[in-house]
Amino acid sequence: MENCPTWSPSLARQRRKFTPPQAESTASKAGDSEGPDGGAGIICEDTWDESDCLTPRALICGVAVGSCVAAMNVSLGLKTGWGQGGSVTAAVVSYAIFQALKPALPFSPYEVNIAQTCASACGTMVAAGGLSSAVPALYLLGVPRSCATLICFSLAIASLGCLFGVPLRKPMIVEGQYRFPEGTTTYNTIRAMYASGAESASKALALFQWFVASFTFSITKYFLPVPSTVAFPVGPALSPFGFALELDPMLVSIGMMVGPATCASLALGGGFAWGVLAPAAQLMNLCPGPAMAMTGARGFILWPGITLLTVGALAQLVLALVDLVKSMRQGSPGAAEKRPPVEDHPEQVPQAVVRWGLLLASVGAMATMKIAFGLPVWHTAVALGLSTVLSYVAVRCVGETNINPIGGIGKVAQLLFAALAPGDLVANVMHATVAASGASQAGDMSTDFKTGFLLRASPWKQFRAQLVGVPFGAVVSVLVYKLFERAYDIGSITIVLGGLVATLWSRLHPTSFEESNQEVGSGILAGSGVATVIVAILTLSGVPPLWTR
């Protein structure tokens, strides 16, 4: 197999594509448009060199974009419990940056893949480190932890997740040919950007414009008397329960991206809980405290909410396991029309790296849990074993549906440790995080592997890009979380507004919606997330709003 020579204009007509032998006949028949998975391919315009894509500029770009995604995910996770991988956003932003800079050596699609992989690893460290779930829970329980402890914990667990994804690459991606929808979408985005400069410029411009608009609005809210909420006229009986429209661009953007069905479900749940259950509980004197206190309606409706959340997460996991068993009996998706196997890239992750990495990361995780949290080593070993098994389930689910059932995985771990360590809240929360976070990071690693497989990129280079993103993401995520912990009170129906916007947009201008919805939503989300960090710094620095001076 032959690599392309280094890019230069004089060699443009002499280059050959990096194409596995079995895929060459398919590519030639399709007019150089077929990828190894049968999708449209960009590789490689006879101009791109895959052998030297792990460049400093690609990694620096990935770390910079990923740090913004991580900061955004801290804010988003503390508000909603959700997070965004940011692969597509990172690909678009990375491409746009170097299109604007116009370097002498053009930014190749393989470098975009490296930047996107690094950024994705960096951005998902919020979930891997439990910064939107376990860590805030410990804080509310009066068990805060230092930055150093949280960074060490995040590094150990995220590294394990990356390593879990390596042995699953071949059966899930190369042989199984699962779609991994987000990975395939990222590949298609990169392909489209290099196929049509005008389309990619339009996407990047939409993302940038809405980033600026969201950032400006969020900063303006701090300095000027812009209303933060608009109260609903619900009458005196329901007014104590906080029925209002919160003017938060971040929540609007999430509503745009998740769609009207999810938004309607959230609206129905919120309306029933606060419009029916809460008033009824107060009338029956079941929660005599103030409405928004834990001794009042807020604490009362927490229990049915947790019950529904747990049952729903476990049901999702059971359904995923049922689908997993069915698919294992029937073979991989599309087995009836399965394409001939494609030769894999020769540059694989060395097995010695995987073995020694798993050993060192496991020891690091057990040491961190023992020293920082006082938890028995064998408890952590059980959690790591559970994470190893459930990573397979998570990766398979991500490959088939793009849904990682980490909620159900966490609940299973909590039920297990409720029996192993009854009454120990710290053990319950942290060991569930170990199990769920490892599976979460394995799913993210596999999604990036899918994009790289379609691009015919080196898995070894992708793996190293992930390992660059992980420590930067751990540091940025923990520092931003600690900033929010000091600046804000840790512990909406606005999402529905975003769903309404998306619905109207898709009906009135369907083509524009398909082309730009994700970019517009991502731009709003990123702008609001970065602005939240700036506002926290201003708050802690004692900078007063302009209108109070």
Side-chain angles (χ1 to χ4, degrees), residues 121 124-125 127-130 133-134 153-173 175-176 178 180 313-314 316-318 320-321 324-325 327-328 348-370 375-400 403-417 419-421 427-449 459 463 466-467 470:
T124 54
M125 286 304 296
S133 53
F153 173 77
S154 300
L155 283 173
I157 301 304
S159 299
L160 280 168
C162 291
L163 291 161
F164 288 158
V166 173
L168 296 175
R169 179 182 178 275
K170 186 174 181 179
M172 296 291 181
I173 297 172
E175 296 175 351
Y178 291 94
F180 287 88
L314 291 175
Q316 182 189 48
L317 182 60
V318 169
L321 290 172
L324 177 61
V325 172
S327 63
M328 291 177 69
Q348 298 292 316
V349 181
Q351 290 301 309
V353 171
V354 178
R355 288 194 295 268
W356 283 102
L358 285 171
L359 176 62
L360 293 175
S362 298
V363 171
M366 289 187 283
T368 301
M369 297 288 271
K370 176 64 177 178
L375 301 176
V377 171
W378 75 271
H379 280 189
T380 306
V382 170
L384 292 174
L386 185 63
S387 181
T388 304
V389 174
L390 293 178
S391 289
Y392 176 83
V393 178
V395 171
R396 185 109 181 203
C397 291
V398 171
E400 292 184 352
I403 297 173
N404 196 332
I406 56 173
I409 291 171
K411 301 301 180 293
V412 168
Q414 283 191 288
L415 291 174
L416 174 62
F417 281 96
L420 291 178
N428 190 282
V429 170
M430 293 309 299
H431 286 129
T433 302
V434 170
S437 297
S440 172
Q441 201 70 14
D444 178 68
M445 182 80 253
S446 298
T447 296
D448 290 332
F449 273 151
F463 180 77
Q466 277 254 343
L467 292 187
V470 163

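Side-chain atoms are counted along with the backbone in the values below, which use heavy atoms only and exclude waters and symmetry mates.
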- Pairwise side chain to side chain donor-acceptor pair (under 3.5 Å) hits with a residue in residues 351-366, at least two apart: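 Found none.
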What pair of heavy atoms forms the shortest contact from [X] to [Y], and how long is it?
X      : Y      : result
Val349 : Val354 : CG1-CG2, 3.9 Å
Ser391 : Ala439 : OG-CA, 3.5 Å
Leu160 : Ala365 : CD1-CB, 4.3 Å
Ile173 : Ser446 : CD1-O, 3.4 Å
Ala442 : Gly165 : CB-N, 4.2 Å
Gln348 : Pro459 : NE2-CG, 3.7 Å

Would you mind reporting whether [Y] and [X] have side-chain heavy atoms less than 4.5 Å apart?
X      : Y      : answer
Val470 : Gln441 : yes
Met445 : Phe164 : no
Trp378 : Leu420 : yes
Val398 : Met172 : no
His379 : Met369 : no
Leu416 : Val382 : yes

Which distance, rounded to the nearest 0.5 Å, do you find between the [atom1] of [X] and the [atom2] of [Y]?
X      : Y      : atom1 : atom2 : answer
Leu155 : Leu467 : CG    : CG    : 10.5 Å
Leu384 : Thr380 : CG    : OG1   : 6.5 Å
Gln466 : Thr124 : CD    : OG1   : 6.5 Å

- Quick one: sort the His431 and Phe417 rings into parallel, tilted or perpendicular, breaks at 30° and 60°.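 Because their plane-to-plane angle is under 30°, the rings of His431 and Phe417 count as parallel.
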- Item | Ala127 backbone acceptor or donor facing Ser437 side chain under 3.5 Å |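 Side chain of Ser437 to backbone of Ala127, a donor-acceptor pair under 3.5 Å: yes, one is there.
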- Task: Please identify each residue that fulfils salt bridge (charged side-chain N to carboxylate O under 4.0 Å, His left out) with Lys170, with sequence neighbours left out.
- Result: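 Here the qualifying residues are Glu175.
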